Structures are given as structure tokens and as C-alpha cells.
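Right, one structure below, let's go through it.
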Amino acid sequence: MDFKDLPKAYDSQSVEADIYKRWEESGYFNPDRLPDRNQNGAPFCISMPPPNVTGVLHLGHAFENALMDTMIRFERMRGKKAVLVPGTDHAAIATQAKVEKMLIADGMQYPREELGREKLLDKIRTYAEESKTTIISQIRKVGTSCDWSRLAYTFDEERSLAVNTLFERMYNDGLIYRGYRVVNWSVKGQSTCSDDEIEHVERKAKFYTFKYSEDFPILIATTRPETKLGDTAVAVHPNDDRYKQYIGQIFSVDVGAAKPLNIKVIADEEVDSEFGTGALGVTPAHSAVDFAMYEKQKAKGNPIDIIQVIGEDGKMTAEAGEAYQGLTATEAREKFVTYLKDQGLLIKEEEIDQNVGTSDRYGDIIEAIPKLQWWLDVNKEIPGRKKSLRDLMRDAVTTGLDGDKSKLVTIIPENITKQYLDRIENLRDWCLSRQIWWGHRIPIWYKGEEAKFSIESPGEGWEQDSDTLDTWFSSGTWTFSTLGWPNETDDLKIYHPTSWMQMGFEIRYLWLMRMILTSTYIFNDIPFKDAYIHGVLRDKDGKKFSKSSGNGIDPIDIVNEYGSDALRISLLFGVSPGNDSRFYAEKVENGRNFTNKLWNISRFILTNNEERTSNDDSSESEVRSSRFEGRTLADKWILNRLDEVIASVTKKLETYQFSPAGEELRDFTWNDLADWYLEIAKVEKGKQEILMQILPTILKLWHPFMPFVTEFIWSQFNEDQLIVTEWPTSTLDADNQVSGEFEILRSLITDLRRLRAEQGIEPAKFVEYSIVADSDQSQLIGQNLEVIKALTRAESIAIADTIAEDWATDVSSTMTIGLNLSGAIDVDAEKVKLQKEIDALSPYIKSTEAKLSNSEFTSKAPEHVVVSMRSKLDEALKKVASLSARLSKM
RNA sequence: GCGCGUAUAGCUCAGCUGGUUAGAGUGUCACAUUGACAUUGUGAAGGUCCCUGGUUCGAGUCCAGGUACGCGCACCA
């Protein structure tokens with residue numbers, strides 16, 4: 001291979017597709033086809049959070065893929081039996097809502113009525129399949145090394161079996177029940193939704209104070225007057241002296257509903273006497289809180305009525321009365337308010353801010369209506385377990401299940417655990433049924449009064465429940481249904497509990513909690529050991545990316561323009577767990593620039609090596625086989641640094657610190673290696689062996705972050721594939737003396753460069769320096785003279801006792817350095833500069849001296865702090881002395 | 001109302017269990033450019049670490065209170 005033929009700039013477009021194909025053909029994505037080293041390694045499994053089949057891959061997905069793929073490649077190289085299991089999500093409501101919207105945009109008015117169940121499902125299925133294909137090809141494009149042979153779909157046969165099996169077990173354990181309750185109802189979506197699928201929006205509302213009739217003794221306040229047509233009670237606090245006397249009384253009032261309302265005054269601790277009038281009109285059918293009171297009264301043997309005045313179509317029912325029937329809630333509200341005004345019953349009307357719940361998929365305001373639904377009981381004791389689902393969910397993140405720490409889910413960042421627990425305590429039963437059609441049909445069949453669980457029709461005359469299951473019910477099985485459950489597969493035995501899970505902050509309740517619920521219930525085990533929670537990506541101004549605000553970025557466009565590697569590191573850098581991060585073009589450009597830098601570093605090393613090997617017959621494998629001991633200070637230093645970086649990056653990846661790991665690697669690669677060591681190597685020569693030891697190591701370290709460019713460079717001088725090579729290890733025997741000496745050398749070079757830059761000497765010009773140094777320093781300079789000369793563009797460097805008066809000077813470490821200006825010195829400017837430097841040091845010297853003379857400090861502070869402070873002070877004092885001496889001579 | 005998070009250079013962010021003269025990237029300015037790389041190099045300028053108290057020999061870091069922004073839950077009679 002002639003490395004000189006490699007293009008000057010890395011061209012991602014021309015290599016990525018081939019590289020991905022090569023990986024796929026190698027089979028290394030599949031843990032069963034990994035080399036022996038991995039076969040004998042510990043299992044490591046990540047379940048990919050399945051993207052919804054609602055369209056295309058967005059930037060958030062690309063981010064998650066970068067996280068997961070970095071992790072899986074790291075562990076694969078470390079010799080684990082690593083697998084990333086991919087999949088997609090049928091996303092019940094989200095997908096149906098999307099397809100319905102498209103059909104409506106195409107001119108259809110009521111897709112469900114016009115098409116019917118089967119035809120609409122066909123349309124959705126076609127759309128879902130198309131999305132799936134698109135998404136999968138996009139996941140390949142960003143380089144994710146997932147095992148496509150294990151590809152799963154939440155709605156495929158295996159996963160459907162898992163869903164039905166889970167339902168069956170919970171049903172048989174009596175945890176799933178059918179109950180008539182107030183549910184969250186989306187009129188637009190014609191379906192229930194869970195508490196987690198509601199988005200609260202703030203808006204202005206009118207707050208009306210009124211009474212039911214002229215002689216009704218208690219005032220009521222409400223923002224929903226129209227629901228008052230269904231009131232059956234007034235609740236007051238039991239200790240409220242204003243109303244105590246009425247408790248237990250029933251008032252019959254005629255407000256124009258179908259029948260006069262029998263309003264009973266009841267006492268309830270929940271009522272806040274301070275709010276509104278201190279009395280609450282109870283509408284059991286249209287408020288979850290009121291419904292709870294209704295149930296409480298029933299339990300007390302003191303029941304109140306329930307009247308549904310709003311129907312599933314969002315319009316007033318017959319119960320609301322002839323005058324209201326068929327009106328929308330808003331129309332009814334106006335009409336009822338007018339009636340109250342006319343009757344002189346409206347006391348007050350004021351504007352307030354309130355939060356209303358809206359459907360996160362359909363966008364309309366959620367109505368509370370009573371409905372017969374399937375529920376999952378989170379409080380009931382699981383037969384034979386002495387624990388409820390709520391208990392299991394709590395145990396899994398606190399003590400570990402049964403107090404077993406190996407069955408503990410660690411949430412990262414830690415503080416999310418608090419929020420999780422807070423949520424657990426407030427958890428209500430989970431409404432499982434949905435009236436949309438796209439999803440797993442509830443596996444319950446009815447015949448007259450009879451109901452039973454069955455996947456297939458149990459026979460003649462049985463009819464299946466028409467509802468479908470909440471999409472998160474299937475998502476909850478994801479970590480194990482993807483591994484083959486309910487079948488007792490090897491995958492399940494080997495990989496469950498999975499090792500690591502990552503997910504967005506916004507689905508920590510929806511999904512994290514449900515996976516824990518499901519897994520603890522089925523296996524009495526956790527779904528994953530560590531859960532890494534990340535924030536959302538925002539644009540440059542901190543806005544969320546969304547189609548409606550028009551700031552969307554297609555990750556595939558970025559890949560095409562800048563390459564997948566550039567995209568990946570730009571997504572990972574500057575991100576910390578649990579926090580939102582920003583994403584913008586400059587970050588990707590920076591990623592692309594770095595990719596190119598690595599490319600050119602490699603090109604330099606390889607061509608350099610080629611020149612050497614062309615007139616040398618030792619083989620490459622020999623060169624790489626043994627660790628090379630450096631000859632010069634720079635050699636020893638770079639090997640030291642490399643060793644430190646290996647240790648540090650490994651540690652950081654082990655603890656999921658993606659950004660710090662990547663940034664440390666970048667700093668090493670760009671600053672230490674490229675800017676310093678390679679420049680020195682050009683001077684010192686004969687670095688082929690050491691460079692051919694460094695290059696493979698940095699390619700390995702970079703591979704999890706930037707798989708394409710590293711694999712491609714690797715392929716230029718290797719037969720095997722980088723993806724399965726062994727992760728480098730550190731010897732951890734860093735030599736402090738070497739790094740100290742190199743630091744002196746490095747700052748000397750920087751200071752000499754600064755000296756000439758300050759004097760406005762153009763970089764290309766050769767200059768004369770002289771340096772006042774002690775014997776150790778002179779030796780260091782002598783040993784590295786050629787390097788210093790080359791990197792500072794020096795004609796000559798003399799060790800002197802003093803610097804000539806007409807030369808520019810400065811102090812580096814404790815050496816005085818001088819630059820020959822051939823008499824063109826500006827003495828005044830020089831004096832000002834030296835005085836400035838002295839002044840800059842004086843506050844530091846003062847405060848440090850004060851500290852060191854404080855016996856409280858010297859006695860209480862650890863010794864190393866005192867020692868290092870003392871030596872730094874020494875150095876500063878010497879520096880000031882040199883500067884002052886120089887100044888006084890001018 | 002309750003809870004959570006964030007506040008460090010113009011911008012985006014690091015800064016572990018308190019101990020360097022507080023860092024990086026990007027942006028800005030100056031100089032350079034056939035040399036692995038202009039997708040570059042060298043150098044410079046840039047900070048009251050939100051405010052007020054406290055603990056401590058020592059606080060960007062810990063504690064208390066406050067301010068600003070973001071988020072969640074609840075209420076929504």
C-alpha cells in the first residue's frame with residue numbers, strides 16, 4: 001500500500017458504506033459470531049429503546065445511537081460477549097394519530113368511520129412498515145453496531161406472545177381488573193389515555209361563583225359550569241363552622257337538567273376551606289377527585305348519585321336536559337352561565353390562570369368521563385409474594401429486590417432516583433385499555449355476562465374486547481421479550497438482566513418504571529443494572545427541536561455532509577447525564593475537523609513508516625509486537641502520557657462519562673501528540689517504531705467514538721478488523737520526573753515563541769536566543785537543543801551568564817531568556833512589560849506568604865499542599881528577582 | 001403550594017470526596033501558510049465562578065437564605 005495515495009482530507013462519503021458492509025459481513029455484531037476471546041468473556045447486553053415507527057430517525061435517536069454504540073463497541077473490544085439488540089416500536093396512539101392526520105390532510109373527514117377497523121389498520125400497517133425500513137437503514141447509516149439478526153418489533157408475533165403472556169399472568173393473579181371509573185378521555189382521539197400521556201398547558205379561565213337556586217344555602221365556585229348539571233353533592237370541610245349545620249342534608253334543585261338534582265351536603269377532609277367559597281360542587285362523573293369522593297361515600301354506606309352529562313363525543317347528553325343535549329361543552333357553558341345570570345344566581349365572575357390537561361398526541365383538552373376499563377392494580381399484594389407492584393418498583397431502586405444488592409437498578413444521575421420514588425408514592429392504578437385500533441387487542445373474550453382470557457377465539461358466540469392495550473404495556477416487556485421470553489431461550493439466560501440502559505429524561509416514568517414493574521413481576525429481577533438518563537437536545541438558542549418550530553435537523557443530512565463520526569462526537573461532547581444539551585453546526589464542524597486531524601496524523605505516521613520500512617526488512621508485526629522504550633525525553637513523555645490516557649479513558653467509559661472521556665482523548669491526540677510530539681519527531685527522526693506503537697493505540701481508543709474513520713485507517717495496515725481488536729491496557733507506571741522535565745521544556749519553548757511574537761518577529765525568521773540557566777537546566781537544554789531550535793525557529797541558542805542589555809527578555813520557569821533584537825529594542829516598552837509582570841505576581845506572593853506564615857494553615861493543611869505551595873512561592877520569588885534585576889539594569 | 005434541576009470567559013460547557021495564580025472547545029484579535037493537515041500552525045486578549053450571610057487555616061466546590069431561568073407533580077371547587 002502506498003500511503004501517499006491517501007487523499008489529503010478524509011472523505012467520509014467514500015468509505016462509510018463499505019466499512020459498515022464489512023462489519024456486517026464479518027458477523028461481529030452478532031455475539032455468537034464473535035472471536036473466541038469474546039465467547040469466553042462476560043455477557044454485555046443493551047436493549048435499544050425502539051424508535052417509534054412514526055416516520056424517520058431524528059437527532060435524538062442519533063444521539064442515543066451514539067451513546068449505545070460507543071458503549072457496546074467499548075465492551076466488545078474489552079472482550080465481552082457484547083450485543084446491542086435493535087428494534088422498533090409500533091407506538092400505538094402515536095402512529096394511529098399520525099396516519100389519521102395524514103388521511104385527514106388528504107381530504108378524509110372521519111377516517112375511522114369511513115374506512116372501518118380493518119382498512120384503517122391496513123393503512124397504518126403499510127405506513128409503519130415503510131417507516132421501519134427507513135429507520136433501520138438510518139440506524140445503519142450512523143454506524144450502530146447492533147445485531148440485526150435479533151431485530152425485534154413491539155408488534156411482531158414473538159412480542160405479541162410476550163404481551164399476551166404477561167397479561168394472562170397478571171390477570172390470573174388478580175392484578176388486572178375491569179372497573180368503572182373516571183378516565184382521561186380525548187374526544188379527538190376517541191380514546192382514553194394514561195396520566196403520563198397528558199401535557200399540562202397554562203391558560204386563562206373564568207372562575208364563576210354561583211348558587212344552584214335562590215334558597216340554596218351554600219355558594220359554589222367553578223371553571224366548568226356546564227358540568228354542574230351533573231352535580232350530586234356539595235362537599236365541605238367537616239370543621240368548617242359556616243357549613244357544619246348543613247352536612248347530611250339533601251336539597252332538591254332544578255337547574256334545567258333532565259331531572260331536578262338531589263344535592264347532598266357531605267363532609268370531606270380533602271376540601272380546602274380557604275379556596276373559593278370553601279365548598280366544592282361534586283360532579284362524580286366528570287372529575288377524578290369528585291369520583292373518589294363518590295366512592296368514599298359509597299364505602300361509608302352514604303352514597304351519592306352519579307350523572308354523566310358529557311358524552312364520549314364531547315357533547316352534552318340527554319341527562320343534561322333537553323335544552324343542553326347535543327351542545328358542545330363550550331356552548332353549554334355559555335348557555336348555563338346566561339341562565340344563572342338571568343336567574344340572579346351568578347354571584348361573581350373572575351379571570352384566573354389554570355392548567356388544563358391536553359392529549360400529548362391529539363392536542364385536545366382531556367375530558368374526565370366515567371368508563372368501564374381494564375386496570376392494573378399497583379397496590380394489591382401479588383399472590384405468594386407479600387408485595388405489591390408498587391413495593392417491587394420501590395425496592396428495585398432502593399434496597400435491591402429482597403434486599404439483594406445485585407438486584408438493584410442504579411439510576412444515573414443519582415437525583416433522578418428521588419423523582420422516581422416520589423412518583424412511585426403517588427402512583428395510581430394504570431388504565432390499560434385504549435379505544436384506538438392500532439395495538440395489541442385486549443386478550444379477553446365475552447359471551448353474555450361471561451368474560452375470559454384467551455388469545456384465540458374460545459369458540460362460537462364469543463366476542464373479543466374491542467379495545468387495545470396501552471403501548472407502554474408492550475414496551476414494559478422490551479428487555480426480555482427481545483430475548484425470546486416467554487420461551488426459555490439461551491439469550492434470556494445469558495443476557496437478562498441486561499447490562500445498561502439509556503433513555504431520555506422525558507420517558508423516565510412512562511418507560512423506566514414500566515420496565516422495572518414488568519421485570520420484577522415476571523422474574524423477581526431487575527431489567528437492567530444501570531439506567532443512564534439523558535436530557536434532550538436543544539438548538540443554539542435553547543429551544544427544543546421540533547417540526548412545528550422549524551428548527552429540525554435531519555441527522556442523515558449531517559452524515560452526508562460531515563460524516564457519521566463527526567456527527568457522533570459532536571453529539572457526545574459537551575453533554576452530561578440528566579441535563580439538556582445544545583446542538584449546532586459549529587459543533588459538527590469541530591467534529592469534522594477533528595476527524596480530519598486524526599486522518600492526517602495517521603497519514604503522516606504511515607507515510608513516515610513507509611519510508612523507513614522500504615529500506616528496512618523488519619516486518620510490521622515485529623515493530624508492533626514489543627513495547628518500545630523511548631530514547632529521548634519526548635519519547636518517554638509521550639509514552640507516559642499515552643499510558644495515563646489509556647487508564648483515564650477506560651475509567652471514564654466504565655462510568656459512562658462519554659464527554660469527559662472523548663474530550664481527554666481529543667486533547668491528547670491534538671495537543672500532545674500532533675502539536676508537540678509529531679513536531680518533535682520531525683526533528684529527532686527515527687521515530688517509526690514508537691509512532692507505529694502509538695497509532696494503533698489511539699485508533700483503538702477512538703474506535704468506540706468514531707468507528708468509521710478509525711476502522712478505515714486501521715484497514716490500511718492490518719488484515720484483521722479494528723472492531724474486535726483488544727482494548728489497550730495501561731501499565732500505570734507513569735514517571736513523574738519525565739513529565740516534570742518535559743513540562744519545563746514545553747514552557748521554555750512556548751515562552752521563547754511568545755518573546756518573539758511579542759516583538760512582532762515574523763514566524764519564518766531565524767533569531768538568536770540566549771538563556772541564563774543553572775546546571776540542571778543547561779543540561780536539559782543541551783540534550784534537547786535541536787528540538788528547541790527547530791520549534792522556536794532559532795539560529796542559535798546560547799547559555800549565558802547574563803542577557804545583553806539591548807535584547808528583549810522574559811523569565812521562563814526560573815530561567816531568564818533573551819532574544820537578540822539587533823539593537824531595535826524599545827526600552828520603555830520593555831520596562832513597562834517587565835514591571836507589569838512583577839506587578840502581576842505580587843498579590844500571589846503576598847497571599848501565599850501570608851498563608852505559609854499562618855501556623856493554623858501549616859499545622860492543619862496536609863503536607864503535600866504546604867510543600868507544593870512553598871515550592872511555587874519559591875519559583876515566583878525567583879522569577880520576580882530575575883525580572884527586577886533586569887529592570888534595574890535598564 | 002410541594003419537589004427537582006441549572007447559574008463559571010462573548011457563546012457552549014468541564015471542574016471528583018473543599019487545597020495550583022479557575023480550565024477546554026468555539027468565537028475574537030495579530031502573525032504565518034508549497035512542508036501530514038487552511039478541515040492548519042504560532043501567539044494574544046477574555047472571568048466579582050448569580051447575590052448575601054455562615055462553616056473552615058482555606059470555598060467555584062460545603063451549609064442557610066435570596067434572585068433568575070428551566071422542568072416535574074398537585075390544585076384547577
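Every value quoted in this text rests on a predicted model; they were computed, and no experiment measured them. Below, chain A is the first sequence line, B the second, and so on; all start at residue 1.
Within 90° of 0 lies the glycosidic angle of B:G46, which makes this nucleotide syn.
Side-chain nitrogen and oxygen atoms of A:Thr595 include none within less than 4.0 Å of the OP1 or OP2 phosphate oxygen of B:U39. Contact annotation: A:Arg754 side-chain N/O to B:A44 OP1/OP2 distance is under 4.0 Å. Between A:Arg753 and B:G43, a side-chain N or O to OP1/OP2 separation shorter than 4.0 Å is present. Within the structure, a side-chain polar atom (N or O) of A:Thr222 is placed less than 4.0 Å from OP1 or OP2 of B:A77. Using a 4.0 Å cut-off, some side-chain N or O of A:Lys8 falls inside it from OP1 or OP2 of B:G35. Taking only side-chain nitrogens and oxygens, A:Ser576 never comes nearer than 4.0 Å to OP1 or OP2 of B:C13. Note on A:Arg582: a side-chain N or O is less than 4.0 Å away from OP1 or OP2 of B:C13.
A:Ala9 comes within 4.0 angstrom of a nucleotide base, judged by non-hydrogen atoms across all strands. Within the nucleic acid shown, A:Asn854 comes within 4.0 Å of sugar-phosphate atoms alone, with no base atom in reach, counting heavy atoms only. Residue-level contact check: A:Asp272 touches the bases, meaning some heavy atom is under 4.0 Å from a base atom. Nucleic acid contact for A:Val866: none, since no nucleic acid atom lies under 4.0 Å from a heavy atom of the residue.
When each of A:His200 and A:Lys228 is assigned the nucleotide of RNA chain B bearing its nearest heavy atom, the one mapping closer to the 5' terminus is A:His200.
Contact annotation: side chain of A:Glu679 to base of B:A36, donor-acceptor pair present below 3.5 Å. Contact of A:Lys765 with B:A32 (side chain to base): no donor-acceptor pair of N or O atoms is detected under 3.5 Å. Contact of A:Lys597 with B:C37 (side chain to base): a donor-acceptor pair of N or O atoms is detected under 3.5 Å.
Cation-pi contact between A:Arg641 and A:Trp670: absent, since separation from the ring centre below 6.0 Å together with deviation from the ring axis within 45° is not met.
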